[in-house]
Amino acid sequence: MINRFLKGLVIGATTYLVFITFHFQNTLPTVFNTVSVMIISGLIGIATVVFKTDINYFLAILIHFLTTSVLVGIMMFLNHWQIGWQSVLLVVLTYVIVWIIMRLQQLQDVRKINARLNQRK
């Protein structure tokens, strides 16, 4: 669980840094903003445990996306960040981009493992 939390924290902190860089947050970041992003991101990382269950992969994506959306909504509410169609679009777009990156990383890992297994033959 700690590995999932830490991976989520890294992804969330990186995403938050990108958002700050491109001025998606209209106010200066506070300690509370940063800590809440880190905690919520870690919880989103823990929510990836749904992918280790026997449920259908697309159902797992839906469950994780909904969990992520609720957690991000809570974070936005706690930080008094504006919730509107632009923020919803940004959450969806960010989720899709992170999912694509994670999927490509998984495919690369599988290729490396398969190459090692083929070398043993």
Side-chain angles (χ1 to χ4, degrees):
M1 280 299 165
I2 190 72
N3 287 338
R4 290 180 185 281
F5 184 91
L6 292 174
K7 193 167 191 176
L9 188 147
V10 168
I11 292 169
T14 303
T15 302
Y16 186 54
L17 185 60
V18 169
F19 285 1
I20 291 170
T21 301
F22 291 101
H23 305 286
F24 289 120
Q25 180 177 335
N26 295 331
T27 59
L28 291 174
T30 66
V31 171
F32 185 81
N33 293 155
T34 304
V35 170
S36 70
V37 166
M38 293 170 75
I39 291 170
I40 295 293
S41 297
L43 294 175
I44 291 169
I46 290 173
T48 62
V49 75
V50 72
F51 294 108
K52 292 294 183 185
T53 64
D54 291 334
I55 64 174
N56 177 288
Y57 181 72
F58 294 104
L59 180 59
I61 289 173
L62 179 63
I63 291 169
H64 185 261
F65 174 75
L66 293 174
T67 303
T68 298
S69 298
V70 168
L71 288 169
V72 169
I74 291 168
M75 178 182 64
M76 292 179 75
F77 175 79
L78 291 174
N79 285 297
H80 307 286
W81 292 336
Q82 190 174 9
I83 300 174
W85 70 270
Q86 292 169 327
S87 57
V88 171
L89 182 63
L90 192 58
V91 168
V92 171
L93 184 62
T94 302
Y95 190 89
V96 169
I97 290 169
V98 170
W99 181 84
I100 289 170
I101 292 169
M102 297 303 296
R103 192 71 179 141
L104 291 173
Q105 182 182 8
Q106 290 170 349
L107 292 172
Q108 183 180 12
D109 291 345
V110 167
R111 283 189 200 110
K112 286 180 183 178
I113 291 168
N114 285 338
R116 288 183 191 146
L117 289 173
N118 287 334
Q119 287 177 349
R120 290 184 180 180
K121 290 182 180 180

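These numbers were taken from a predicted model, which means no experiment stands behind them.
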Quiz item: Would you say the side-chain atoms of Thr34 pair up with the backbone N or O of Thr30, donor to acceptor, closer than 3.5 Å?
Solution: yes
Quiz item: Which heavy-atom pair separates Ser69 from Val91 by the least distance, and what is that distance?
Solution: OG-CG1, 4.4 Å
Self-check item: Smallest separation among heavy atoms of Ile39 and Phe5, with atom names
Solution: O-CE1, 3.9 Å
Practice problem: Taking side chain to side chain donor-acceptor pair (under 3.5 Å) as the test, write out the residues that go with Arg111, two or more places apart. | Solution: none
Quiz item: Are the side chains of Ser41 and Tyr16 in touch, meaning some heavy atoms are under 4.5 Å apart?
Solution: no
Quiz item: Is Met38 atom CE crowded by more than 12 heavy atoms from other residues, nucleotides or ligands, each under 6.0 Å away?
Solution: no
Practice problem: Evaluate the side-chain proximity of Asn3 to Lys7: yes if any heavy-atom separation is below 4.5 Å, no if none is. | Solution: no
Exercise. Please check if Val31 and Trp81 belong to a single hydrophobic cluster, counting links between Ile, Leu, Val, Met, Phe, Trp and Tyr side chain heavy atoms closer than 4.5 Å.
Key: yes
Exercise. Check whether any side-chain heavy atom of Leu66 sits under 4.5 Å from a side-chain heavy atom of Val70, and report yes or no.
Key: no
Quiz item: What distance do Met75 atom CE and Leu43 atom CG have between them, rounded to the nearest 0.5 Å?
Solution: 11.0 Å
Quiz item: Would you say Ile11 and Met102 make side-chain contact, with heavy atoms under 4.5 Å?
Solution: yes
Quiz prompt | Heavy-atom closest pair, residues Val98 and Thr15 | solution = CG2-OG1, 4.5 Å
Quiz item: Between Gly73 and Ile83, which heavy-atom pair has the shortest distance, and what is it?
Solution: O-CD1, 4.1 Å
Quiz item: From Asp109 CG over to Asn114 CG, what is the distance, rounded to the nearest 0.5 angstrom?
Solution: 11.0 Å
Quiz item: Do the side chains of Ser36 and Leu78 get nearer than 4.5 Å, heavy atoms only?
Solution: no
Quiz item: If you count the non-hydrogen atoms of other residues, nucleotides and ligands that lie under 6.0 Å from OH in Tyr57, is the total more than 12?
Solution: yes
Exercise. Specify the closest pair of heavy atoms between Ile20 and Pro29, including all atoms of both residues, with the distance to one decimal.
Key: CD1-CG, 3.8 Å
Quiz prompt | Hydrophobic cluster identity match, Met1 and Leu9, side-chain contacts under 4.5 Å | solution = yes
Quiz item: If you measure from OG1 on Thr53 to CG on Leu59, what distance do you get to the nearest 0.5 Å?
Solution: 8.0 Å
Quiz prompt | hydrophobic_cluster_shared for Leu104 and Val96, side chain cutoff 4.5 Å | solution = yes
Quiz item: Which heavy-atom pair separates Leu90 from Thr94 by the least distance, and what is that distance?
Solution: O-OG1, 2.7 Å
Exercise. Give a yes or no on this: more than 12 heavy atoms of other residues, nucleotides or ligands lie within 6.0 Å of atom CD of Gln106.
Key: yes
Quiz prompt | Of Phe58, Trp99, Tyr95, the residue whose pairing with His64 passes ring pair (Phe, Tyr, Trp, His ring centres under 6.0 Å) | solution = Tyr95
Quiz item: Going from CD1 on Ile63 to CG on Asn56, what distance comes out if it is rounded to the nearest 0.5 angstrom?
Solution: 9.5 Å
Practice problem: Report yes or no: do Ile100 and Phe51 belong to one cluster of Ile/Leu/Val/Met/Phe/Trp/Tyr joined by side chain heavy-atom distances under 4.5 Å? | Solution: yes
Quiz item: Does Leu93 share a hydrophobic cluster with Phe65, counting links as ILVMFWY side-chain heavy atoms below 4.5 Å and allowing steps through other members?
Solution: no
Quiz item: Have Arg116 and Gln119 got a donor and an acceptor in their side chains that come within less than 3.5 Å?
Solution: no
